[in-house]
Each structure stands twice: as structure tokens, then as C-alpha cells.
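Data block below; observations after.
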Amino acid sequence: MNIPEPSNFIQEIIVNDLKTGKRSSVHTRFPPEPNGYLHIGHAKSICLNFATAKKFDGLTNLRFDDTNPTKEEIEYVDSIREDVSWLGFDWGDREYYASDYYEQIYDFAEQLILKGHAYVCELKGEAVSAHRGTHTEPGKNSPWRDRPVAESLDLFRRMRAGEFEEGSCFLRAKIDMAHPNMNMRDPAVYRIKKASHHRTGDKWCIYPMYDFAHPLSDWIEQITHSICTLEFEAHRPLYDWFLEALELKNRPQQIEFARLNLTYTMMSKRRLLELVQNNVVMGWSDPRMPTLSGLRRRGYSPSSIREFCDRIGVAKADSMVDINLLYFCIREELNATAQRAMAVLDPIKVVIDNWEEGRFEEIEVENNPGDLSQGTRQILFGRELYIERDDFMEEPPKKYFRLRPDGEVRLKGAYFVKCVRVDKDAEGNILEIHCTYDPASRGGESPDGRKVKGTIQWVSVPHAVNAEVRLFNHLFTVEDPANTPEDKVWLDFLNPNSMLTCQAKLEPMMAQATMSDRYQFMRLGYFCLDSEKSKEGGLVFNRTVELKDSWAKAQPK
RNA sequence: UGAGCUAUGGUGUAAUGGUAGCACAACAGACUCUGAAUCUGUUUGUCUUGGUUCGAAUCCAGGUAGCUCAACCA
């Protein structure tokens, strides 16, 4: 095999293993626990595992790490399968479950006892932690530590048979109660849990701990490089210890990398669950959630997320990625592919005084000015139009080049219009803006060579399609909501304006919008139909991301 | 206050003893029938102190800062 150039530290390890002959192939796994929905942080891990294996001609397994029946549910299994697949990865027939290995893992536990490496301990609750010691003090041996092998074996079998209550005893590895690494102070191997498992039902009442099940699952699947996040670093000695104690050959190697943190985003599964349970958001797939299902509903493509994961790189140092990079990745793709459409989110009426009532004209506009192969479409133009309220100002600041009294702008694809009058109500609110158009400027160019600085979008009043449009913003008001001042809690930083809804006017073709299409509402942003609302037949659009807006940014708040 | 890990512009990531580069962000300008896109340019960096070396972001030692670890969670 031609060994490719490494592009991160994990690939360096792999290249080295291949060159020295420690390994002859690469096999990775993505091992989610089915206790929540996958988020963009998991996407980093998924891309890393699948892309790394692929680069070295290897395979990746999908393995559910389902060793805690009280937290895991089939709903989560289904969502994870859907999300990994949607992201664009194929695990073939290698869909595995730690629970598939329960019998084997149990046998390994018996072997551990037989080899004198594990014992059944009858210490309860607080007594266990009291014996464990602290960071600065060594622990004390359990009184059950040196009980005969035969006795532990008998007890362990009776644990399996259901003879004991939860918490009355547990199986621990016999390592070293004075070890500086707390994970090595006789850690739990098996505990009693009289709970139904989503796959094995009531077959088992004892379940293996992660630290035991994980290295064995990796070994059973002959994983070569077991990639996980940094918090498992201190568990690696234990991972290696179990494999060594059981004298297994071809042992997998655990490698840790820094998990993804994103500004203005919360990545903790527990807290995301809290948002869902407290109805702060509309479920796991709320478009404001960093879940893959949320991003999907928001309009993100799998390729944009893969591109993002590729760009953020992999390292061991904790980091906080600027969410603008994610925005950049989706804009870059949608700019090239999205169908342009004219939409007005906050409409105000314009009347073209010198255009006859009842007369309409077909205007041809490009579907994507940056890619003429995407063709053109016809839109009817008439006397009454909607434009964006923002696009007119009676007393504009300097460098404002949209519509103003006596000012001229181009209506996209149509004509130059000049504002001649503004109608207001008694309170001074603008009711209508009156303009005149220049017939010679049809198509948006004037034969006299006159230039206008501003081009704005418009929607014909009698042809406008009504739709609800939802504008999403950060869910949190601070960059790092997980790390808040002492007198505050993370929920204090929820953004009250994370979803704003408006009643918009759209050009006629949007009545036929489809779920699979992505649209750029010109000068506003990228939008897609909401998957939930469109099931109910409603025309509801989600804003995926705004267009960059250097004008808005330059304006004082 | 024990152990482990980490430290490169605002952010993320390269450079593997030999010119500190790329991307995002920011800023300025050009262009523009999207104040978008595109193009050009600019600002900003090796945590610190020593040592080894002709030469150190890289190797060594001390310091500093951050993260992780005392579930019968994963």
C-alpha cells in the first residue's frame, strides 16, 4: 500500500504504525451512546473516524455503546443511524452494539476473576468512595479484596442470576488503591442494574462498565485505532490494563483528541436535553439546536458540515471555534447552488404613478447570476409593488443608496424608479411610497448611461405569495454559555430573540417551493422550507444563514 | 494542594532543528443589476526564563496559565 502523507497528529500515529509494521491496516469505529441526539461535535468525530479510515483504505464500524439501560432508548438509536447516514457515511453491514457482546464480555469478566485480577466487593455507596481516597491521599483496600477466587466467581455468577439487590455488591478490578490515577484504584467492572435494556430486554441484570466494555468491544471488532475525546485520556491506562490482563493479542490503541466547542453554542448533551424537556426549544430538531437534526432542518447540507469539520482540523489542545466558520461553509456552498428568489420580509407598498393600472409586464431574471447555467425565470411587474421597509428612508444617513425622496433606485431586473411622494397616516406612519418609473430603463439599464447605486428586490402586490418566515439567531447571548460567571447560570444567557417570525411576501414561484430546494432570498439570506410545518401544508421558511451585510455592520446601533 | 494533558495572530490549524504559512474573522480599496459574491491589499502570532546548537515554534530544565480525573455514567 502507498502510505499517504499525514495531515494531523492522529494520521501521523497511523502512518508510523503502518511504516513500522505495527499495523497492516486501519479500522476505526464511531461509538455513540444512544442517550441523546447527535450534534455538530459528534460530526467532528464521525468525519474524523470515517475519513481517517478511508484515507488509509480502512473501514469504520458504527457501534452503539449501550451499556447503561437506564439512560438509553431506541429513539436515540434510530436518530443516530439517520444522522450518520445523512452526513454521508456508510458503515455497510458493520452496525454493532456493545450489548451484542454481553455474553463474551461476561466471559472475559469470569476470566479476570479466575486470573486473580478481579473480585466481588460488598462495600456500599459512600464506603466505596471513602476507600478510594483523594487526589492527594491514597485509597484503602476493600475488605473483600483478597477473598478467594472461587468465592468471587460464585458471587459473580449469583449476581448474574439476580440473587442480589442493586448496590449490594459489584465486581471490581484488582489493580492498586494507591495509584495516582484514580481510575486505577480498583475500578468497577460490573454492576447490578435491574432494568430492561432496549435490545436485550430482561435477559441481564448486571451490566459491564464503559471502561471494561469499550476496550473489549474494540478488540472483538479488531479496531486498530480507537479515537475518542480528551476526557478519556486518564482512562487509557485502564483500557490497556484490561487488554493486557486478559492477555489479548492485536490490541487496539486509544488516541484522544480535543472535542469541538463552538461560540454561542452549548454542546453538552445533558443541557441540550434540558432545553428539550423544558420546551425552551421545539424539540431536538429545533433549527436553533446544534444537533445534526436541527442543522438539517435549518437548511445545512451534509457537505457543508463535512467541509466545516475538515477546516477546523484536529489537535489535542482545547479550543473554541468561531461559529462564523460554520456560517462561511454553508454560505460558500449555497452561494454556488441556491436558486435566487425575491422576497420581502417587512413589506411596504410602492405605487408606480406613471404605470397604468391593470398592466403587467414579464421581467426575466437569472436564477443564479453567478452561474448562468441555472437559467432564468419570468416575473410579472406591475403598478403596485412591495419593497422592504428598510429600503426606504426619508432622512437617510450618508452613503445610503437605497430609495429616498427624489432618489432613484433600480428595481432588480425591472426599471429605475424615482420616489416622488410619500403618503402617511395621521400619526406620520408611511402608508405608501409613490414613484415614477423610467420606461427607457427596462431590464435595469438606462440608455443615457445614467447610473444608480442601489438595486433592491420587489414583489408584485397582486401576485405576492404569503408565507411565514422564521429568522434564527444564536440561542445564547454569550460566546461561551457553558462557562458563566459565578452569580449566573447558563440559562440566564438564553437569547430571547433566537427566533423571530415575520409574515413575508414572496415572488409567485415560491408557492411551488420544495423541501429539497435551497433559496437565496436576494439581499436577505438563505432559506429553506421547514420540514415539520411543510408536512402540515404550511408555507413556512427557515433562515439558514444571513448574507453578510457590511452596510448593517457599519451602522451605529 | 497529587497525577495526566496542553500552550503558534482575535479564532482554528500548519511548519517534525534551517524563510513562521493557510483559513475564518477584522479593516481598507476595486468591482458589482444582491451593500452578497469576486478581486487586491493591510493589521495582528511562537506563554515565560534559562540551556543545548552554527541555527530552536520544534530538543532539555524550571516557571506560568488552562483543561481533565475522586459515578456501581459514557
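FYI, side chains are in, hydrogens and waters are out, and symmetry mates aren't considered; it's all heavy atoms of this structure. Just so it is clear: chains get the letters A, B, ... in the order the sequence lines come, proteins before strands, and each one is counted from 1.
Residue-to-nucleotide contacts include no donor-acceptor pair under 3.5 Å from the side chain of H179(A) to the base of A70(B). For R340(A) against U34(B), a side-chain N or O and a base N or O form a donor-acceptor pair under 3.5 Å. In terms of polar N and O atoms assigned as donor or acceptor, the side chain of R402(A) comes within less than 3.5 Å of the base of G35(B) in a complementary pairing.
Counting heavy atoms from C-beta outward, R377(A) and N367(A) have side chains that approach closer than 4.5 Å. Side-chain contact between I223(A) and S217(A): absent, with no pair of heavy atoms (C-beta onward) separated by less than 4.5 Å.
The distance from atom CD of E546(A) to atom C1' of A36(B) is 12 Å, rounded to the nearest whole Å. Distance, D549(A) CG to G35(B) P: 9 Å, rounded to whole Å. Between the CE atom of M182(A) and the P atom of U68(B) there is a distance of 16 Å, given to the nearest Å. Atom-to-atom, OH of Y327(A) to P of A25(B) comes out at 12 Å; the value is rounded to the nearest Å. Between the CG atom of L230(A) and the P atom of C5(B) there is a distance of 11 Å, rounded to whole Å.
In this entry G4(B) has C67(B) as its Watson-Crick or G-U wobble partner, both defining distances falling under 3.5 Å. Pairing partner, U44(B): none, since no Watson-Crick or wobble contact has both distances short of 3.5 Å.
Checked against U34(B), A7(B), C69(B), the side chain of A317(A) finds its nearest nucleotide in A7(B). Considering only side-chain atoms of D322(A), the nucleotide from G10(B), A23(B), A26(B) that sits closest is G10(B). Of the candidate nucleotides A71(B), A3(B), A26(B), A3(B) has the atom lying nearest to any side-chain atom of P180(A). Considering only the side chain of T134(A), A70(B) comes nearest among A70(B), G35(B), U6(B). In this structure, of A23(B), G35(B), A36(B), it is A23(B) that holds the atom nearest to the side chain of R311(A). Nearest nucleotide to the K399(A) side chain, out of A74(B), G35(B), C24(B): G35(B). Among the nucleotides G35(B), A25(B), U1(B), the one closest to any side-chain atom of W551(A) is G35(B). Taking every side-chain heavy atom of S550(A) into account, G35(B) is the closest of G35(B), A14(B), A74(B). Picking from A74(B), U34(B), C69(B) the nucleotide with the shortest atom distance to the side chain of F232(A) gives A74(B). Listed candidates were U13(B), C72(B), C73(B). Nearest to the side chain of S319(A) is U13(B).
OP1 or OP2 of A74(B) has not a single side-chain nitrogen or oxygen of R270(A) nearer than 4.0 Å. Listed pair R523(A) / U32(B) fails the phosphate criterion, with no side-chain N or O lying under 4.0 Å from OP1 or OP2. Contact between the side-chain N/O atoms of K316(A) and the OP1/OP2 oxygens of C67(B) is not found at any separation under 4.0 Å. For C73(B), one of the phosphate oxygens OP1 or OP2 lies less than 4.0 angstrom from a side-chain nitrogen or oxygen of K193(A). A close approach under 4.0 Å does not occur between any side-chain nitrogen or oxygen of T455(A) and OP1 or OP2 of U32(B). The phosphate of C72(B) (OP1 or OP2) has a side-chain N or O of R132(A) nearer than 4.0 angstrom. Residue K553(A) has a polar side-chain atom (N or O) positioned under 4.0 Å from OP1 or OP2 of A26(B).
When the P atom is used for both U52(B) and C60(B), the distance is 15 Å, rounded to whole Å. Nucleotides A30(B) and C22(B) have their P atoms positioned 25 Å apart, rounded to a whole Å. Between A61(B) and A3(B), the two P atoms lie 15 Å apart (nearest whole Å). Taking atom C1' in both A23(B) and A14(B), the straight-line distance is 11 Å, to the nearest Å. Remark: the separation of the C1' atoms in G45(B) and A7(B) is 13 Å, to the nearest Å. Comparing G21(B) with G29(B), their P atoms are spaced 26 Å from each other, to the whole Å. The gap from the C1' atom of G51(B) to that of A56(B) amounts to 11 Å, rounded to the nearest Å. Only the C1' atoms considered, A26(B) is 38 Å distant from G62(B), to the nearest whole Å.
Using cut-offs of 30° and 60° for the angle between ring planes, the Y519(A) and F541(A) rings count as perpendicular. Ring-plane geometry between Y106(A) and F156(A) is classed as parallel, the angle between the planes falling under 30 degrees on a 0 to 90 degree scale with a further cut at 60.
Side-chain atoms of E333(A) and S304(A) include no donor-acceptor pair closer than 3.5 Å. Residues Y119(A) and D186(A) have side chains that bring a donor and an acceptor to within less than 3.5 angstrom of each other.
By the criterion of a centre-to-centre distance under 5.5 Å and near-parallel planes under 30°, the ring of Y210(A) forms no stack with the base of A74(B). Both thresholds, 5.5 Å between centres and 30° between ring planes, are met by H135(A) relative to the base of C69(B), so the two rings are stacked.
Place K451(A) and E233(A) on RNA chain B by their nearest nucleotides, and E233(A) ends up nearer the 5' end. With the nearest nucleotide of RNA chain B identified for both I456(A) and H235(A), I456(A) has the one nearer the 5' end.
Note that R199(A) lies in the cation-pi zone of Y97(A), set by a 6.0 Å cut-off to the ring centre and a 45° limit from the axis.
An anti orientation is assigned to A23(B), its glycosidic angle lying beyond 90° of 0.
Of the listed residues (Y415(A), W458(A), F381(A)), just one forms a ring pair (Phe, Tyr, Trp, His ring centres under 6.0 Å) with Y437(A), and that residue is Y415(A).
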